[in-house]
2 protein chains.
Amino acid sequence: MADHSLPQQIADQLRRDILRGKLAPGAALKERDNASELGVSRTPMREAIRILAREGLVILRPSRSPLVADPSLKEVTDLIEVLRALEMLSGRLACIHATPQEIASIRAIHERMVALYDQVDSLDMFEIDMNFHLSIARASHNTALAETHAAYLARLWRARYLSASQKRSRERVLRQHGTIVAGLEARDPEMAVGEIENHLEHLLINIADLFAARDAERAAEAASERGAIDGDPQTA
Amino acid sequence: MADHSLPQQIADQLRRDILRGKLAPGAALKERDNASELGVSRTPMREAIRILAREGLVILRPSRSPLVADPSLKEVTDLIEVLRALEMLSGRLACIHATPQEIASIRAIHERMVALYDQVDSLDMFEIDMNFHLSIARASHNTALAETHAAYLARLWRARYLSASQKRSRERVLRQHGTIVAGLEARDPEMAVGEIENHLEHLLINIADLFAARDAERAAEAASERGAIDGDPQTA
DNA sequence: TCAATAGATTTGGTATACCAAAATTCGCAA
DNA sequence: TTGCGAATTTTGGTATACCAAATCTATTGA
């Protein structure tokens, strides 16, 4: 995770701030302010912002301040659709090309996740989950695939994190991971790929629910705010 | 194609130079030299190089000059494998989401390509071919998919260009494109996706042949060069 | 009271200066 | 002649200065 180049470090810091909500979606990222905040000059800060733009976490606008991305449900859904194709391909290739050591390592990650079930907080659990999927992609022995897959996971960080925080789905996730590992061990693409598809199908549903809940909350908030300012205005 | 930002323009220029062979694979891209060459400062040149690095056309090395990429057969094969998955997904989604206008426009591109068969040079033909595939990806109405697909096409530009230059495969390509368009018009994913898979399978084979031919050529070259320096050396 | 506009300010884009790490060159010694 | 090493040069990384476009503000006139 740790590239030691300065722009990469700055990008890591900003990414944390964005995902932790310290930088709200839609907020402007001013180069000078953020640079002096971290005690660096604008040059590496600019580069860091480009890195995050590539990951889809910020949006660049020509001659304007970059904004923290605030993806719509459609955009997130589109990303997951592509991620599903990438992970299914990963699974298929991993069944063919993964070494026994790699598969053992994937199982080890899975076992650790099972062992830590309801013992650690969402963030730690999520880091392990992330690793599980990255390892499968790497086991495909297709560098381009592993890179693109990692980029999509990064881009879906927030959405996946929110989804993983719903403790009620943890049991299902673990069961599905188990099936995927079994499929890899049996070198059975049908089993592995089928369960990967299933896994992401649930992610899709989960996230649609989260967006619906969030939108409802926002609507209620906006309504009560309007009410606080002036009583039930007829016109917008 | 034309973003008017300076770094983008520089990147376009460098891309042309790389793909035309003016900048050889493996060559170093020195910031100062290339910048003064184009009459700009290092700042936008640096950004342009990062853009090309993202596309995979140049390789960044920390604290060293970036190099023009020289992908191995394995790397190109890996890219095509992912491209195949992306295009198959595009085809499937396009069958569902493409508007009649979009499908008509894709057919128009195909018809133009048929009309210009053996009338224009490889480069023009290739531009049209590129457009055909990009249009299908856009017709999926999945922005992320279209972007990632475009990135892969850019990365495979050289390999695809070399493949398209082999006139003997043009007839097959046109036939396959025809089937793909028919599949879209019939909203028949089986037909469209199947033929897309077939299409890329042939690209894979084609490119493997090209690499084999190139390697043989290089080996012969190296051998004759060795012979010119000293007669049949026993040890390397 | 509101709208329009001109001036001031903020901000991204570009050029340039400076630094430290690589790479290269040249000289010295074996 | 060759191998090693120090000095020099080259080159990427960072900071900063400057510019132009975009935004904000305040003033003025209807």
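Residue numbers start from 1 in every chain, and the chains themselves are labelled A, B, ... in the order their sequence lines are given, proteins ahead of strands.
Rounded to the nearest 0.5 Å, atoms CD (B/Q9) and NE2 (B/H4) are 7.0 Å apart. The distance from atom CG of A/L204 to atom OG1 of A/T77, rounded to the nearest 0.5 Å, is 5.5 Å. Between A/L73 atom CG and A/I207 atom CD1 the span is 8.5 Å, to the nearest 0.5 Å.
At a non-hydrogen distance threshold of 4.0 Å, B/R42, B/R46, B/R50 from residues 36-57 of chain B come into contact with DNA chain D.
Aromatic pair A/H149/A/H133: centroids not less than 6.0 angstrom apart.
The span of DNA chain C lying next to chain B, judged by atoms under 4.0 Å from heavy atoms, is bounded 5' to 3' by C/dT14 to C/dA23.
Nearer to the 5' terminus of DNA chain C, by closest-nucleotide assignment, is the contact made by A/R64 (compared with the other of A/R64 and B/S63). Along DNA chain D, the nucleotide nearest A/L6 and the nucleotide nearest A/P62 are compared for position; the residue whose nucleotide lies closer to the 5' end is A/L6.
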| A/Q8 and A/E47: side chain to side chain contact (heavy atoms under 4.5 Å, CB included), yes or no, with the steps? | CA-CA 8 Å; A/Q8 197 65 49; A/E47 237 179 85; over 6 Å; no
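A salt bridge links B/E201 with B/R84; the closest basic N to acidic carboxylate O contact falls under 4.0 Å. By the 4.0 Å N-to-carboxylate-O rule, A/E31 lies close enough to A/R42 to be salt-bridged with it. A salt bridge is absent between A/D12 and A/R16: the closest approach of a Lys/Arg side-chain nitrogen to an acidic carboxylate oxygen does not fall below 4.0 angstrom.
Residue contacts shown for A/L29 are limited to sugar-phosphate atoms, with no base heavy atom under 4.0 Å away.
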